[in-house]
> 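Before I ask anything, here is the structure I am working with.
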Amino acid sequence: MSGYKPTTDKIALSDVEIDDQFWSPRVTQNREVTIEYQYKQLEESGTLENFQRARDGKNGGFQGMWFQDSDAYKWLEAASYELTKANDTDLRERVDEVIDLVAAAQEDSGYLNTYFKLVEPEMTWTNLNIMHELYCGGHLIEAAVAHYEATGEESLLDVAVDFADHVDDVFDDQIDGIPGHEEIELALVKLYRITGEERYLDLAQYFVNLRGHDDRFKWELEHSDEIGGHSWDDGALIPAEGGGRLFLDEDGEYVGTYAQAHASIREQEKVEGHSVRAMYLFAGATDLVAETGDEELFDAMERLWENMTTKRMYVTGGIGPEREHEGFTEDYDLRNEDAYAETCAAIGSIFWNQRMLELTGGAKYANLIERTMYNGFLAGISLDGTRFFYENPLESSGDHHRKGWFTCACCPPNAARLFASLGKYVYSNIDGVLTVNQYVGSTVTTTIDGFDVELTQSSSLPWSGEVTLTVDADGPVPIRLRIPEWATDVSISVDGEDVEQNDDYVELDGEWSDDTIDVHFELDTKLIRAHPAVKSDAGRVVVERGPLVYCAEAVDNDRPIHQYTLSLEAVIDEEHRDDLLDGVTVLQADAEVPSLDGWNGSLYRPDEETDIQSVQLTMVPYYAWDNREPSEMHVWTRVK
Ligand code: FUB
Ligand code: ZN
C-alpha cells in the first residue's frame with residue numbers, strides 16, 4: 001500500500017537535534033548501549049524466537065509473557081527514532097530484519113500475535129480482559145508509524161495497517177469489546193494522522209467511548225472456560241484467584257476499576273486502577289479531543305489531571321503506589337518504601353501531559369513533564385544504561401536495585417523509546433507559536449505558519465539556570481518561553497533589552513535575524529512539604545533544587561538515613577562534583593542525629609539523657625540513587 005500522508009502541523013522529531021550537556025550523554029548512551037543491550041535481551045528472552053516460530057508455522061514453544069511481542073515493537077519504535085536522527089546502516093539492517101520477521105509472522109487476515117498463533121490459535125479475541133492482543137497491536141502500530149516517519153518505508157506500516165484493518169473488521173461487527181490494557185487507542189490516532197483514514201479515528205473513538213459501558217469483561221470472567229489464556233502457566237490468568245481477580249472487588253463482584261472500565265471515561269472523577277493503563281487511555285482520549293474538539297471528554301481529562309496531580313502523585317512525578325494492581329489506590333496514599341510507581345507509568349504520564357500541553361498550551365503540563373523526566377522517569381535507568389527499575393520507591397532499606405531485564409520487561413524498552421524521542425518534547429507548535437517547553441540544549445529547524453525558523457538553545461539545567469537561544473526566521477514567528485514552576489526569579493532579554501513576563505510564559509513576537517535571547521532562571525534549594533493528609537510524609541520535607549528532587553543515601557553519610565533530622569533553618573551548601581555519579585551537584589544540609597554515646601546496651605532511656613549532635617546530611621539527585629554500593633535511601637527527611 002502507498003500514499004501515506006506525512007503529519008505536518010507538529011514539530012517532527014527530525015526537526016530537532018539535541019546537543020545538551022546533561023541529556024546528550026544519556027541519549028547517546030541510549031543509542032550506543034541501551035538499544036544494543038535490549039536487542040540481545042530480545043534474543044535471550046525468546047521474544048524474537050516467538051516470531052520465528054510463528055513465521056515457520058510451528059506450534060507451541062512460546063516463551064515469556066503472553067504480551068511479549070510488545071517488547072519487540074517498543075524496541076523497533078526506539079530504534080526507528082534513532083534512524084530519524086542518523087543514517088545508521090547497522091541499526092537499519094537490524095531493524096529491517098526484525099520487521100521482516102514480524103511481517104512473516106502475520107496471518108493473511110492481518111491478525112498478529114505470537115502467543116495465540118503458537119499456543120491457542122482457536123482462541124483469538126476471546127479474552128480481551130487479560131490477553132493483550134489489542135495492546136500488542138497498539139505497540140505494533142506505534143512502531144510502524146515511527147519507522148515510516150524515520151525512513152519513509154512502508155514495510156512495517158503495511159503490517160500495522162493490515163492489523164488495524166483486521167481489528168476494524170472484528171470490532172464491532174463480530175465482537176463488541178474493548179482492550180483490557182489500553183494502548184491501541186492512541187496508536188490508532190497516530191495511524192489516522194499518518195494515513196488520513198477516518199476509520200482508524202472512528203475505531204479509537206469506539207474503544208474510548210465503549211469503556212465503562214459494555215459488560216464484555218464481566219461475561220469473560222463468568223465464562224472462563226470458553227476463553228483464551230488457559231495455556232499460560234496452567235491457566236493462572238483466568239480464574240478469579242488468578243489474573244481475573246484484579247477485576248473483582250473485595251466481595252468477589254466484578255468491577256472494572258482496574259482497567260478504568262467502572263464508568264464512562266466522561267464521568268470518572270478520580271484516576272483509578274492500573275496506572276499505565278490509565279495514562280495510555282488518557283493519552284488516547286486527549287488525542288481524540290485534539291481531533292474532534294470533544295469538550296465533555298476534555299473536561300474529564302482536566303478533572304482527572306487535577307485529581308492525579310493534587311492527590312495521587314509522588315513528588316517525583318511517579319504514580320501508582322500499589323503493587324497488586326500496579327496502580328492507584330486512594331487520595332493521599334503515597335507510601336514511600338512500598339511505592340510501586342512503575343517506570344512505565346511515569347512514561348505514560350509524560351505521554352499524556354505532552355498531549356494536554358499541545359492541546360492547551362498550559363505550562364502546568366510542561367512543568368509536570370520536566371518534573372517527571374528528571375525524577376520519576378530518569379531514576380528508572382542506571383547511569384550505565386543497562387539496568388532498570390520497574391518500581392521506583394522513594395525510600396529504601398538498601399535492598400531495592402535495578403535489574404538488567406525482567407520476566408515482564410515492559411519498562412526497559414519503554415525507557416529506550418522515550419530517550420530516543422526526547423526531541424519531541426522540547427518544542428511545540430501551539431497555534432502557530434513556537435513554544436519552548438523544555439530547556440534542553442538543541443537546535444530546531446522547522447516551519448511555523450509558512451515561515452522557516454531555526455532556533456538554537458543552550459542550557460545549563462539542571463545544575464544552573466542559564467539558557468541562551470539564538471533565532472533566525474524568514475518571517476514573523478511568535479515564540480513562547482515557559483517559566484519553570486521552580487524558578488524563584490527570572491530575567492529575560494532579547495539582544496540585551498529586558499522583556500516583560502507573566503507567571504507561566506514569556507511571549508515574544510517578532511522578526512528574528514540571528515537574535516539572541518538570554519534567560520536567567522534563579523535556581524534555589526527549597527524544602528518542600530506534602531499536604532498534611534499524606535500520612536507517609538508527615539513531619540518530613542523533601543529537598544528540591546531547580547527541577548531535581550534530592551535524596552539522601554547512606555553511602556554518602558556516616559549514619560543510616562532514618563537517624564537524621566533536618567532543621568527548617570538548615571543552611572544547605574551546594575557543590576558541583578564532576579567526579580561523582582557522572583557529575584552532580586551535591587547538597588549538604590545542617591542536620592541532627594541522636595548521640596550514640598552512653599547507651600550501654602540499653603534499648604530505651606530517658607530523652608534528656610540523649611545528646612543531640614549537629615552533623616551534615618549529604619544529598620544527591622534522586623535520579624542517581626542506587627548507582628553505588630547498596631545503602632539506605634530516603635527522599636523525605638524528618639524535620640524540626
Ligand atoms: O501488561 C503490560 C504491562 O506489563 C503493563 O503496562 C505493566 O504495568 C506490566 O504489568
Ligand atoms: Zn513497565
Side-chain angles (χ1 to χ4, degrees), residues 314-318 321 334-339 341 371 374-383 389 391-402 462-463 486 523-530 534-596 612-640:
Y314 287 100
V315 69
T316 55
L334 293 166
R335 54 191 90 167
N336 288 312
E337 185 157 10
D338 297 338
R371 176 175 292 277
Y374 277 109
N375 302 291
F377 160 66
L378 196 52
I381 306 96
S382 63
L383 292 178
F389 277 142
E391 298 151 46
N392 291 275
L394 282 80
E395 190 166 314
S396 163
S397 306
D399 52 0
H400 182 73
H401 308 298
R402 295 180 187 84
W463 312 121
W486 45 261
L523 188 148
D524 289 331
T525 300
K526 295 179 189 164
L527 301 185
I528 304 292
R529 289 254 188 202
V534 183
K535 264 196 215 156
S536 318
D537 301 336
R540 300 165 122 197
V541 292
V542 66
V543 180
E544 289 187 357
R545 184 173 182 277
L548 296 179
V549 169
Y550 273 71
C551 70
E553 285 193 281
V555 66
D556 294 310
N557 291 285
D558 295 336
R559 295 277 200 95
I561 301 302
H562 66 267
Q563 298 182 9
Y564 287 81
T565 304
L566 275 182
S567 154
L568 273 180
E569 288 79 45
V571 173
I572 303 183
D573 293 326
E574 26 187 84
E575 182 194 3
H576 196 79
R577 294 258 316 266
D578 286 331
D579 59 324
L580 189 69
L581 297 166
D582 288 350
V584 288
T585 296
V586 176
L587 302 181
Q588 285 217 308
D590 293 333
E592 291 179 346
V593 291
S595 164
L596 294 176
I612 297 299
Q613 292 177 348
S614 295
V615 290
Q616 295 276 290
L617 178 65
T618 300
M619 289 167 280
V620 296
Y622 171 71
Y623 75 75
W625 86 278
D626 193 45
N627 276 288
R628 293 170 291 170
E629 64 196 72
S631 75
E632 193 183 10
M633 181 281 291
H634 283 216
V635 168
W636 291 90
T637 309
R638 220 177 22 250
V639 71
K640 69 163 199 176

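Note that the numbering runs from 1 along the sequence shown for the chain.
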> Between Asp537 and Arg529, is the closest basic N to carboxylate O distance under 4.0 Å?
no
> Kindly give the heavy-atom pair with the smallest separation between Pro621 and Cys551, and that separation in Å.
O-SG, 4.3 Å
> Are side-chain heavy atoms of Leu394 and Arg335 found at a separation under 4.5 Å?
no
> Could you grab the distance from atom OG of Ser631 to atom CG of Asp556, nearest 0.5 Å is fine?
7.5 Å
> Would you indicate whether the side-chain heavy atoms of Val315 and Arg371 approach each other to under 4.5 Å?
yes
> In Å, rounded to the nearest 0.5 Å, how long is the span from OG1 of Thr565 to CG of Leu568?
11.0 Å
> Can you find a heavy atom in the side chain of Arg540 that is under 4.5 Å from one in the side chain of Val635?
no
> Provide the closest heavy-atom pair for Ala591 versus Leu617 in the form atom of the first, atom of the second, distance.
CB-CB, 4.0 Å
> For Val549, does its backbone N or O pair with a side-chain atom of Asn375 as donor and acceptor, under 3.5 Å?
yes
> Measure across Met619 and Ala589 and return the closest heavy-atom pair with its distance rounded to 0.1 Å.
CE-CB, 3.7 Å
> Should Thr637 and Val543 be marked as a side-chain contact (heavy atoms from CB on, under 4.5 Å) after you check the CA-CA gap, both sets of side-chain angles, and the distance that decides it?
CA-CA 8 Å; Thr637 309; Val543 180; 5.8 Å; no
> Could you check if a side-chain atom of Gln588 sits within less than 4.5 angstrom of a side-chain atom of Ile572, using non-hydrogen atoms only?
no
> Evaluate the side-chain contact (heavy atoms from CB on, under 4.5 Å) criterion for residues Leu523 and Trp463: first the C-alpha distance (whole Å), next the side-chain angles of each, then the deciding distance (0.1 Å), finally the verdict.
CA-CA 8 Å; Leu523 188 148; Trp463 312 121; over 6 Å; no
> Any chance the rings of Phe389 and Trp625 have centres within less than 6.0 Å?
yes
> Do you know the tightest heavy-atom contact between Tyr622 and Pro393?
OH-O, 2.8 Å
> Could you measure the distance from the CG atom of Asn336 to the CG atom of Leu334? Nearest 0.5 Å is fine.
8.0 Å
> Asn392 side chain to Ala341 main-chain N or O, any donor-acceptor pair under 3.5 Å?
yes
> Can you see which heavy atom on Ser567 is nearest to which on Leu527, and at what distance?
O-CD1, 4.2 Å
> Applying side chain to side chain donor-acceptor pair (under 3.5 Å) between Thr585 and each of Glu575, His576, Arg577, Glu574, report the one that passes.
His576
> Does any N or O in the side chain of Asn627 come within less than 3.5 Å of the main-chain N or O of Leu383, such that one atom is a donor and the other an acceptor?
yes
> Which residues satisfy the side-chain hydrogen bond (donor to acceptor under 3.5 Å, both in side chains) test with Glu632, sequence neighbours excluded?
His562, His634
> Which residues pass the ring-ring contact (aromatic ring centres under 6.0 Å, His included) test with Tyr623, sequence neighbours left out?
Phe22
> Kindly indicate whether the side chain of Trp486, heavy atoms from C-beta on, has any atom under 4.5 Å from the side chain of Glu544.
no
> Is any side-chain heavy atom of Tyr564 closer than 4.5 Å to a side-chain heavy atom of Arg638?
no
> Just by distance, with hydrogens left out, do Glu337 and Ser397 show a side-chain donor and acceptor under 3.5 Å apart?
yes
> State whether Lys640 and Glu592 are salt-bridged, where the test is any N-O pair (Lys NZ or Arg NE/NH1/NH2 against Asp/Glu carboxylate O) under 4.0 Å.
yes
> Would you give the length of the straight line joining atom CG of Leu548 to atom CG of Leu378, rounded to the nearest 0.5 angstrom?
9.0 Å
> What do you reckon, is CG of Asp558 surrounded by more than 12 foreign heavy atoms closer than 6.0 Å?
no
> So for atom NZ, which belongs to Lys526, do other residues, nucleotides or ligands contribute more than 12 heavy atoms lying within a distance under 6.0 Å?
yes
> Check the pair Ser595 / Ile612 against side-chain contact (heavy atoms from CB on, under 4.5 Å), numbers first and verdict last.
CA-CA 5 Å; Ser595 164; Ile612 297 299; over 6 Å; no
> Could you check whether any side-chain heavy atom of Arg628 comes within less than 4.5 Å of a side-chain heavy atom of Leu580, counting everything from C-beta outward?
yes
> Minimum heavy-atom separation for Val593 to Gln563, with atom names?
CG1-O, 3.5 Å
> Do NZ/NE/NH1/NH2 and the carboxylate oxygens of Arg402 and Glu391 come within less than 4.0 Å?
no
> Using only atom types and a distance under 3.5 Å, with no angle test, would you say the side chain of Asn557 pairs donor to acceptor with the backbone of Glu553?
yes
> Start with the C-alpha gap between Leu587 and Arg545, add the side-chain angles, then the distance that decides, and say whether side-chain contact (heavy atoms from CB on, under 4.5 Å) holds.
CA-CA 9 Å; Leu587 302 181; Arg545 184 173 182 277; 3.7 Å; yes
> Using a 4.5 Å cut-off on heavy atoms from C-beta on, say whether the side chain of Pro630 contacts that of His401.
yes
